[in-house]
Protein chains: 2
Amino acid sequence: MIKSPQLEEWTKKIGQRLRTLRHAQGLSLEDLSRLSGATAPTLSNIERGTRDVKLSTLVSLTAALRTELPLLFEESQNTDQSSGLPGYDLDDD
Amino acid sequence: MIKSPQLEEWTKKIGQRLRTLRHAQGLSLEDLSRLSGATAPTLSNIERGTRDVKLSTLVSLTAALRTELPLLFEESQNTDQSSGLPGYDLDDD
DNA sequence: TGGGAATTTATCATGTACGGTAATTTACCG
DNA sequence: CGGTAAATTACCGTACATGATAAATTCCCA
């Protein structure tokens, strides 16, 4: 895979946003793994921007994080759903 | 690949937008193939929404179409650069 | 500072996106 | 209609995203 600067920018930006969203909800990689179906190592790679991620993966991750896909691409956004969320019930799998 | 309704929505929406953008610039699949590096069959599949496309592909396509990646994901947008474009010079590759 | 949780890294297997190419079908325009 | 361009479909081969799992590393807090 030839990695253009453009692609690198996006993979990093998207990864950071996913991690921010996950942390904002107090989820570990394993938590999100359970919620999304992606394995923890895969999530780690994606959040660090080392993967050429597929659309299907982004869709399932945004669903698991209860956010919208376009949020990952918006130019300037407030990922700030900082603390008080409706809340995941981690026992409900 | 398990295809959720969500994913299907996005692949179709993105495909349609890409095709609209391409047509708006009077490009054939082969034209865009030359500009983007993706082959014409691949482009055909993506535009018809039959592919779980990778981020790198979307990045190169939006670059070739001289548009921005977030445009593919925006909720309501005007893809309407209908007719009179600055215009590609197909000889300049 | 010690120890468990969280994350990262490392393997291996599998599925599939994508390139390349050719053949077929469809669309368009005289 | 007929013919050419455009698009779709069909193969094959390769690369790599991802799952599954385990090991190593880093984090963090009592």
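Predicted model, so just to flag it, every value in this text is computed and none were measured.
- Separating the CG atom in A:Leu29 from the CZ atom in A:Arg19 is a distance of 6.0 Å, to the nearest 0.5 Å.
- Residue B:Glu47 contributes atom CD, which lies 8 Å from atom P of D:dA7 at whole-angstrom precision.
- For A:Arg51, there are no salt bridge (charged side-chain N to carboxylate O under 4.0 Å, His left out) partners at least two apart in sequence or on another chain.
- A search for salt bridge (charged side-chain N to carboxylate O under 4.0 Å, His left out) contacts involving A:Glu8 returns A:Lys12, not counting sequence neighbours.
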Practice task
Encode nucleotides 16-30 of chain D as B, S and - characters from 5' to 3', where the letter depends on protein heavy atoms closer than 4.0 Å: B to the base, S only to sugar-phosphate, - to neither.
Solution key: SSBS-BB--------

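- Taking B:Lys13 as the reference, B:Glu75 meet the salt bridge (charged side-chain N to carboxylate O under 4.0 Å, His left out) condition, with sequence neighbours excluded.
- Taking the six-membered ring where the residue is Trp, B:Phe73 and B:Trp10 present tilted rings, their angle falling between 30° and 60°.
- Distance CG (B:Asp31) to C1' (D:dA6): 10 Å, rounded to an integer number of Å.
- With rounding to the nearest 0.5 angstrom, the CG atom of B:Leu72 is 5.0 Å from the CG atom of B:Leu18.
- Once rounded to the nearest 0.5 Å, the distance linking OG of B:Ser60 with CG of B:Leu32 reads 8.5 Å.
- Rounded to the nearest 0.5 angstrom, B:Leu55 CG and B:Leu69 CG are separated by 6.0 Å.
- Comparing the local axis fitted to the first five base pairs of the helix from C:dT1-D:dA30 to C:dG30-D:dC1 with the one fitted to its last five gives a bend of 60°, rounded to 10°.
- In this structure, NZ of A:Lys3 is placed 15 Å from C1' of D:dA15, rounded to the nearest angstrom.
- Considering A:Gln6, A:Lys3, A:Glu47 as possible partners of A:Thr11, the one that fulfils the side-chain contact (heavy atoms from CB on, under 4.5 Å) test is A:Lys3.
- Where DNA chain C meets chain A (any atom under 4.0 Å from a heavy atom), the bounding nucleotides read 5' to 3' are C:dT7 to C:dA10.
- Using a distance-only test at 3.5 Å, with no hydrogens or angles considered, a donor-acceptor pair links the side chain of A:Thr50 to the main chain of A:Asn45.
- Using a 4.0 Å cut-off, no side-chain N or O of B:Arg22 falls inside it from OP1 or OP2 of D:dA6.
- Contact between the side-chain N/O atoms of B:Arg48 and the OP1/OP2 oxygens of D:dT9 is found at a separation under 4.0 Å.
- Distance check, rounded to the nearest 0.5 Å: NE2 of B:His23 to OG of B:Ser28 gives 9.0 Å.
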